[in-house]
Trainee: 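Mind looking over this structure? Questions follow.
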Amino acid sequence: MTEDTAPEPDRIPGAPHPRETPTLFGQDRAQADFLQAYTSGRLHSGWLITGPRGVGKATLAWKIATFLLSEPVEGSGGGLFGDAPPAPTSLTVSPDHPDARLVQSGAHPRLFIVRRPVDDKTGKLKTEITIDPVRRLKNFFHMSAADGGRRVVIVDSADELNRNAANAILKELEEPPARTTLLLVAHQPSRLLPTIRSRCRELRLSALGSDDMASALHQAGVEVVETEALATLSSGSVGEAIRLAQHDGLQLYASIISLLEGMPRMDRPAALALANSCAGKGAELRFDMVLDLMDLFLARAARTGLVGEPHSQGAPHEARLLARLSPGPHAARRWAELQQELSARARHGRAVNLDPASLILDMLFRIEETARGTAAA
């Protein structure tokens with residue numbers, strides 16, 4: 001397997017790769033913050049791009065990288081009679097720009113990507129970023145110094161760096177080569193070494209609202225009508241919304257809500273039908289999706305008891321159901337405890353290959369049992 005054909009850990013199946021995404025929706029503040037730092041001459045050598053999964057962190061990293069690589073280096077002139085070019089007002093670079101074309105083709109000599117490597121034995125991606133890709137940075141810095149342009153390194157994601165790799169990245173942040181910018185994508189920045197966080201300026205990305213979600217999904221080639229429901233269930237994550245749209249997530253969640261509407265008494269035949277639909281060959285994705293959606297429902301039930309009925313819903317009648325099953329803080333605590341219990345049970349069941357139908361049915365019975373003690377009359 002060559003590097004060109006290796007799987008890309010930052011690619012969402014069924015969607016363009018972040019480097020191929022023309023417009024970043026819903027993150028104007030983060031883009032403006034970076035551009036302001038650049039135009040004011042306060043460009044940090046290390047940037048930590050944080051936020052929930054699937055909200056555009058990798059897309060922003062690639063946009064920044066393309067922007068920096070295409071901008072003239074300070075002191076190189078480029079304007080009429082050697083005057084400095086006007087300050088940029090956007091991170092957008094024409095796709096016809098030579099540097100943008102090199103980035104798109106994955107062949108830019110001054111761009112280096114640090115990500116999980118492929119295991120030569122299995123042909124699959126490793127579970128963490130090992131020291132080897134980071135060690136190759138030294139050679140990259142040496143080779144790319146020849147033309148004197150800017151160098152950019154994208155680490156995606158920094159959460160996946162093992163200890164040796166993290167320490168090696170830290171050294172580069174402590175003594176960055178000239179004209180070099182390191183962009184670290186992090187879903188959970190609290191997991192990073194405090195010294196890495198302290199060496200970077202943070203760009204915090206937020207969850208997308210329904211309008212931006214609709215635009216992002218349309219750009220990704222995913223056409224859906226229920227964009228508000230997708231934004232709700234995905235917590236504003238485009239990546240998760242695409243996964244839900246591709247695997248009937250909205251329909252499955254609606255089925256779960258319909259089943260639970262009879263709580264504290266459950267429709268046994270309907271529960272059995274849902275459980276059986278998750279068993280058998282070819283049902284693995286559906287099984288995983290149902291487990292994730294049940295976990296999401298429990299989290300939303302716990303939140304409802306604390307803050308009240310949600311303003312948006314992931315399925316018809318969901319808000320009313322949540323308000324009835326979780327009318328106050330006591331119910332919220334019960335649902336939160338059940339979420340922790342069933343989440344652990346789901347992880348164990350997946351690990352030891354428990355029968356999917358039995359696991360789903362058992363979890364539904366536990367939800368029914370909890371509803372008997374929480375539902376408002």
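Just the heavy atoms: all of them, side chains too, but no hydrogens, waters or symmetry mates, feed the values below. Just so you know, residue 1 is the first one in the sequence shown, and it goes up from there.
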Trainee: May I ask you to decide whether Asp132 forms a salt bridge with Arg136, counting only side-chain N to carboxylate O separations under 4.0 Å?
Mentor: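 Arg136 and Asp132: not salt-bridged.
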Trainee: Would you check if there is a donor-acceptor pair between the side chains of Ser210 and Thr227 at a distance under 3.5 Å?
Mentor: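 Absent: no donor and acceptor within the cut-off.
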Trainee: Can you tell me if Glu20 uses its side chain to pair, donor with acceptor, with the backbone of His17 under 3.5 Å?
Mentor: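 Here the side-chain-to-backbone pair exists.
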Trainee: Determine which pairs satisfy side chain to side chain donor-acceptor pair (under 3.5 Å) with at least one residue from residues 163-174, sequence neighbours left out, and list them in order.
Mentor: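 Only Lys138-Glu172 qualify under side chain to side chain donor-acceptor pair (under 3.5 Å).
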Trainee: Can you sort out the partners of Trp335 under ring-ring contact (aromatic ring centres under 6.0 Å, His included), two or more places apart, ordered by chain and number?
Mentor: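 Per chain and number, Trp335 pairs via ring-ring contact (aromatic ring centres under 6.0 Å, His included) with no residue.
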Trainee: Are Met363 and Met263 connected into the same hydrophobic cluster when the rule is that any two of I, L, V, M, F, W, Y join if their side-chain heavy atoms are below 4.5 Å apart?
Mentor: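 Yes, Met263 connects to Met363 through the hydrophobic network.
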Trainee: Determine yes or no for a side-chain-to-main-chain donor-acceptor pair under 3.5 angstrom, with Ser326 supplying the side chain and Leu322 the backbone.
Mentor: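 Pair absent, no side-chain N/O of Ser326 close to backbone of Leu322.
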Trainee: Go through it in stages, so that I can follow the logic: the residues are Lys57 and Asp156, the test is salt bridge (charged side-chain N to carboxylate O under 4.0 Å, His left out), and I'd like the CA-CA distance, side-chain angles, deciding distance and then a yes or no.
Mentor: CA-CA 9 Å; Lys57 297 188 298 299; Asp156 190 3; over 6 Å; no
Trainee: With salt bridge (charged side-chain N to carboxylate O under 4.0 Å, His left out) as the rule and sequence neighbours excluded, what pairs involving residues 227-252 come up?
Mentor: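 Sorted pair list: Glu240-Arg243, Arg243-Asp292.
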Trainee: If you measure only the distance, is there a donor-acceptor pair under 3.5 Å linking the side chains of Arg347 and Ser343?
Mentor: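 Judged by distance alone, the side chains do pair up.
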Trainee: Name each donor-acceptor pair under 3.5 Å that joins a side chain in residues 264-280 to protein atoms two or more places apart or in another chain, with its distance.
Mentor:
unit_1 : atom_1 : unit_2 : atom_2 : d
Asp267 : OD1    : Ala270 : N      : 3.2
Arg268 : NH1    : Glu368 : OE1    : 3.2
Arg268 : NH1    : Glu368 : OE2    : 2.8
Arg268 : NH2    : Glu368 : OE1    : 3.4
Asn276 : ND2    : Leu272 : O      : 3.3
Ser277 : OG     : Leu274 : O      : 2.6
Ser277 : OG     : Arg286 : NE     : 2.9
Ser277 : OG     : Arg286 : NH2    : 3.4

Trainee: Relative to each other, are the rings of Tyr38 and Phe34 parallel, tilted or perpendicular (30° and 60° limits)?
Mentor: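 If you compare the ring of Tyr38 with that of Phe34, the planes turn out parallel.
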Trainee: Salt bridge between Arg110 and Asp99, side-chain N to carboxylate O under 4.0 Å?
Mentor: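 Looking at Arg110 and Asp99, the cut-off is met.
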Trainee: Would you confirm whether Lys63, through its side chain, and Ala58, through its main-chain N or O, come within 3.5 Å as a donor-acceptor pair?
Mentor: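 Side chain of Lys63 to backbone of Ala58, a donor-acceptor pair under 3.5 Å: no, none is there.
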Trainee: Do any N or O atoms from the side chain of Glu202 and from the backbone of Leu48 form a donor-acceptor pair under 3.5 angstrom?
Mentor: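 Such a contact is absent between Glu202 side chain and Leu48 backbone.
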Trainee: Do Glu160 and Arg115 meet the salt-bridge criterion of a basic N to acidic O distance under 4.0 Å?
Mentor: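 So Arg115 does not pair with Glu160 through a salt bridge.
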Trainee: In terms of side-chain geometry, is the basic nitrogen of Arg372 or Glu369 positioned less than 4.0 Å from the acidic oxygen of its partner?
Mentor: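 Answer for the salt bridge query: no.
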Trainee: Could you check whether Arg19 makes a cation-pi contact with Trp62, meaning its NZ or CZ is under 6.0 Å from the centre of the six-membered ring and within 45° of the ring axis?
Mentor: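 Ring-cation test returns yes.
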Trainee: For Glu223 and His218, which I'm curious about, is there any donor-acceptor pair between the side chains at under 3.5 Å?
Mentor: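 Looking only at side-chain atoms, His218 and Glu223 do form a donor-acceptor pair, the distance falling under 3.5 Å.
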Trainee: Following the transitive rule for hydrophobic clusters with a side-chain heavy-atom cut-off under 4.5 Å over Ile, Leu, Val, Met, Phe, Trp and Tyr, establish whether Ile169 and Leu193 coincide in one cluster.
Mentor: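 Same cluster: Ile169 reaches Leu193 through Ile, Leu, Val, Met, Phe, Trp or Tyr contacts under 4.5 Å.
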Trainee: Regarding Asp362 and Arg345, does a basic nitrogen lie under 4.0 Å from an acidic carboxylate oxygen?
Mentor: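 Salt bridge flag = yes for Arg345 with Asp362.
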Trainee: Answer yes or no: is there a donor N or O on one side and an acceptor on the other, between the side chain of Lys124 and the main chain of Val118, under 3.5 Å?
Mentor: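 Looks like no, no N/O pair under 3.5 Å.
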Trainee: Any chain of hydrophobic side-chain contacts (each under 4.5 Å) joining Ile196 to Val185?
Mentor: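 Cluster IDs for Ile196 and Val185 differ.
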Trainee: Under 3.5 Å, is there a donor-acceptor pair between the Gln188 and Arg191 side chains?
Mentor: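 Yes, Arg191 and Gln188 have a side-chain donor paired with an acceptor closer than 3.5 Å.
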Trainee: Are Leu359 and Leu285 linked, directly or through intermediate hydrophobic residues, by side-chain heavy-atom contacts shorter than 4.5 Å (ILVMFWY only)?
Mentor: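 Leu285 does not cluster with Leu359.
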Trainee: Heavy-atom count around Glu175 CD within 6.0 Å, excluding the residue itself: above 12?
Mentor: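 At most 12 heavy atoms, drawn from other residues, nucleotides or ligands, come within 6.0 Å of this atom.
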Trainee: For Phe297, enumerate each residue passing the ring-ring contact (aromatic ring centres under 6.0 Å, His included) test, keeping only those at least two apart in sequence or located in another chain.
Mentor: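 By the ring-ring contact (aromatic ring centres under 6.0 Å, His included) rule, Phe297 matches no residue at all.
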Trainee: Has the side chain of Thr374 got a donor or acceptor atom that lies under 3.5 Å from a matching backbone atom of Leu325?
Mentor: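 A pair under 3.5 Å: yes.
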Trainee: Without swapping roles, check the side chain of Arg303 against the backbone of Pro310 for a donor-acceptor pair under 3.5 Å.
Mentor: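 No, the answer is negative, given that no donor and acceptor are paired below the 3.5 Å cut-off.
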Trainee: Could you pull out all residues at least two apart from Tyr253 that satisfy ring-ring contact (aromatic ring centres under 6.0 Å, His included)?
Mentor: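 Applying ring-ring contact (aromatic ring centres under 6.0 Å, His included) to Tyr253 gives none.
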